[in-house]
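A short worksheet on the structure shown next.
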Amino acid sequence: MSAISVKNLSKKYGTFHAVNNLSFEVENNHVVGFLGPNGAGKTTTLRMLVGLSKPTNGKMEIAQTQVVFGKSAANTKIGYLPELPSMYRWMSGAEYLGFISDIFKISAAEKKTKINGLLKLVDLTSAKNKRISTYSGGMIQRLGIAQALLNDPEVIIMDEPVSALDPIGRKEVLGVIEKLKNNRTVLFSTHILSDVDKICDDVVIINEGKLVASAPLSILKAQYASPILEIEFTSDPKTIVTDLKQQKWVKKVEHSGNKLRIWLIDNDVVEKNIPLNFLAQHKIGILKYGLTLPETEDVFMSLVEDKK
């Protein structure tokens with residue numbers, strides 16, 4: 001059974017379709033990256049999933065419970081972290097979690113144990129009595145994850161949880177998300193595609209409000225991402241770039257200084273030494289030469305460009 005089910009979901013603003021007949025499923029206990037260009041409809045979709053925005057059409061379920069705008073029983077099964085979490089900055093971290101616990105009507109006997117456990121999970125035990133106003137961006141996001149877990153949700157939904165963080169803060173938040181993946185379903189939107197490679201099982205990609213792909217990341221990489229040949233030369237290879245782009249075995253070329261990244265039509269091109277023969281004809285020195293594994297960014301760009 002799916003942890004999240006979205007069927008024929010649409011959201012219109014006048015004649016503009018922010019989300020257009022979108023359907024996808026998310027499996028239990030998976031971490032799923034929700035991807036798309038700016039304006040693709042990611043935040044609109046997430047807000048509908050948590051019951052904060054009313055869809056024009058369609059049906060959504062969280063843990064087999066239908067999402068209903070304004071009075072959704074599914075909300076008891078969701079933990080939500082918006083892109084910019086709003087907190088009472090004069091409170092300490094522990095006080096804030098205590099305040100949210102009271103909203104959820106968690107008993108006094110259970111509250112202390114639960115709060116201490118969550119503070120430990122997100123590595124904020126030593127800062128629990130400090131005012132939130134003194135927290136770094138990464139600490140605030142980790143506290144936001146802790147509050148999203150207070151009601152023991154089956155599904156955690158996060159909107160750009162690491163987009164505004166420095167590398168240290170990002171690493172801390174990703175570490176917390178990775179801890180959740182064995183017993184929670186996590187759906188999070190992000191523009192940082194290298195993070196998706198690190199922690200995601202699956203991806204859902206949308207563009208212009210429509211579904212582009214929904215599948216395990218490994219399958220998408222095998223199916224859509226072209227093999228990439230990375231070459232470093234002894235000098236700038238700019239004289240061969242135009243000719244290279246016209247070769248039938250080349251899908252795309254990226255040129256930076258003395259380096260080229262060449263997207264190939266398939267692995268046979270390398271096995272038959274076609275690129276080496278081409279370079280030998282141009283008599284240009286090579287320092288490094290090798291294939292690299294495709295990354296999420298390569299899959300994303302390939303799929304979105306194909307749809308365009």
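All of these numbers come straight from a predicted model, not from anything done at the bench. Side-chain atoms are counted along with the backbone in the values below, which use heavy atoms only and exclude waters and symmetry mates.
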- Task: Kindly assign one of parallel, tilted or perpendicular to the pair Y88 and F99, based on the angle between their ring planes and the thresholds 30° and 60°.
- Result: perpendicular
- Message: Could you check whether any side-chain N or O of R142 sits under 3.5 Å from a backbone N or O of V122, counting only pairs where one atom can act as donor and the other as acceptor?
- Response: yes
- Task: Tell me yes or no: between the side chains of N129 and S92, is some donor less than 3.5 Å from an acceptor?
- Result: no
- Query: Any sub-3.5 Å donor-acceptor pair from T190's side-chain atoms to E160's backbone N or O?
  - Reply: no
- Determine yes or no for a side-chain-to-main-chain donor-acceptor pair under 3.5 angstrom, with Y96 supplying the side chain and Q147 the backbone. no
- Query: Atom NZ in K171, atom CG in D166: separation rounded to 0.5 Å?
  - Reply: 12.0 Å
- Item | Inter-residue atom distance K245.NZ - I262.CD1, 0.5 Å rounding | 11.0 Å
- Do you know which two heavy atoms are closest between I206 and A40, and how far apart they sit? CD1-O, 3.5 Å
- Query: Hey, is CD1 on I168 packed in by over 12 heavy atoms from elsewhere, all under 6.0 Å?
  - Reply: no
Which atom pairs, donor and acceptor, lie under 3.5 Å between side-chain atoms of residues 272-289 and protein residues at least two apart or in another chain?
{"residue": "N277", "atom": "ND2", "partner": "N273", "partner atom": "O", "Å": "3.1"}
{"residue": "H282", "atom": "ND1", "partner": "F278", "partner atom": "O", "Å": "3.0"}
{"residue": "H282", "atom": "NE2", "partner": "D243", "partner atom": "OD2", "Å": "3.1"}

- Task: Would you please test N57 and L9 for side-chain contact (heavy atoms from CB on, under 4.5 Å) and show each step?
- Result: CA-CA 6 Å; N57 293 299; L9 184 66; over 6 Å; no
- Item | Validation row: L46, L187 side chains within 4.5 angstrom (heavy atoms) | yes
- Message: Do T296 and L35 have side chains that approach each other closer than 4.5 Å (heavy atoms only, starting at C-beta)?
- Response: yes
- Task: Give, for atom OH of Y80 and atom CG of N75, the distance between the pair rounded to the nearest 0.5 Å.
- Result: 11.0 Å
- Considering only heavy atoms from C-beta outward, does the side chain of Q66 approach that of M60 to under 4.5 Å? no
- Task: Over all heavy atoms of both residues, which pair between T185 and N29 is shortest? Give the atoms and the distance, please.
- Result: OG1-N, 2.8 Å
- Can you tell me how far CG of N183 sits from CD of E154, rounded to the nearest 0.5 angstrom? 11.0 Å
- Query: If you measure from the Lys or Arg side-chain nitrogens to the Asp or Glu carboxylate oxygens, is any gap between K179 and D123 under 4.0 Å?
  - Reply: no
- Task: Check whether NZ of the Lys or CZ of the Arg K251 lies under 6.0 Å from the centre of the six-membered ring of W263 and within 45 degrees of that ring's axis.
- Result: no
- Query: Is there a donor-acceptor contact under 3.5 Å from the side chain of H191 to the main chain of L193?
  - Reply: no
- Non-hydrogen atoms of K11 and T56 that approach each other most closely: CA-OG1, 3.4 Å
- Note, V162 side chain near D195 side chain (heavy atom, < 4.5 Å): yes
- After noting the C-alpha distance and the side-chain angles of K221 and D197, does the key distance pass the salt bridge (Lys or Arg N to Asp or Glu O under 4.0 Å) rule? CA-CA 11 Å; K221 285 183 177 181; D197 278 310; 2.6 Å; yes
- Query: Under 3.5 Å, is there a donor-acceptor pair linking the side chains of S2 and E25?
  - Reply: yes
- Task: List the steps, then state whether salt bridge (Lys or Arg N to Asp or Glu O under 4.0 Å) holds for E172 with R170.
- Result: CA-CA 5 Å; E172 292 170 345; R170 268 178 47 219; over 6 Å; no
- Query: Transitively linked via ILVMFWY side-chain contacts under 4.5 Å: F188 with L143?
  - Reply: yes
- So, K42 side chain and P37 main chain: donor-acceptor pair closer than 3.5 Å or not? yes
- Query: Around R261, counting heavy atoms of other residues, nucleotides and ligands shown, do more than 12 lie under 6.0 Å from its CZ?
  - Reply: yes
- Item | Test item: side-chain donor near acceptor, N258 and D236, under 3.5 Å | no
- Task: Look at D152 together with K114 and state whether they make a salt bridge at an N to O cut-off of under 4.0 Å.
- Result: yes
- Salt bridge or not for K59 and E61, using N-O below 4.0 Å? yes
- Query: Is the backbone N or O of K130 less than 3.5 Å from a side-chain atom of T134, with the two atoms forming a donor-acceptor pair by type?
  - Reply: no
- Query: Do K111 and D102 meet the salt-bridge criterion of a basic N to acidic O distance under 4.0 Å?
  - Reply: yes
- Message: Given V32, which partner from the list V196, D202, V186 fulfils the side chain to side chain contact (heavy atoms under 4.5 Å, CB included) test?
- Response: D202
- Message: Less than 3.5 Å apart, any donor N or O on the side chain of D159 or S189 sitting next to an acceptor on the other?
- Response: yes
- Message: Check this for me: K181, atom NZ, are more than 12 non-hydrogen atoms of other residues, nucleotides or ligands nearer than 6.0 Å?
- Response: yes
- Looking only at heavy atoms, the pair that brings A127 and M139 closest together is CB-CE, 3.6 Å
- Message: To check you understand the geometry: which heavy-atom pair defines the closest contact between L217 and C200, and what is its length?
- Response: CD2-O, 4.2 Å
- Task: Mind listing the closest non-hydrogen atom pair of A94 and I115 along with its distance?
- Result: O-CD1, 4.2 Å
- Here the gap from I145 atom CD1 to L118 atom CG, rounded to the nearest 0.5 Å, amounts to 11.0 Å
- Do L211 and V204 come within less than 4.5 Å of each other through their side chains, counting heavy atoms only? yes
- Message: If we ignore hydrogens and angles and just use 3.5 Å, is the side chain of T113 paired with the main-chain N or O of E110 as donor and acceptor?
- Response: no
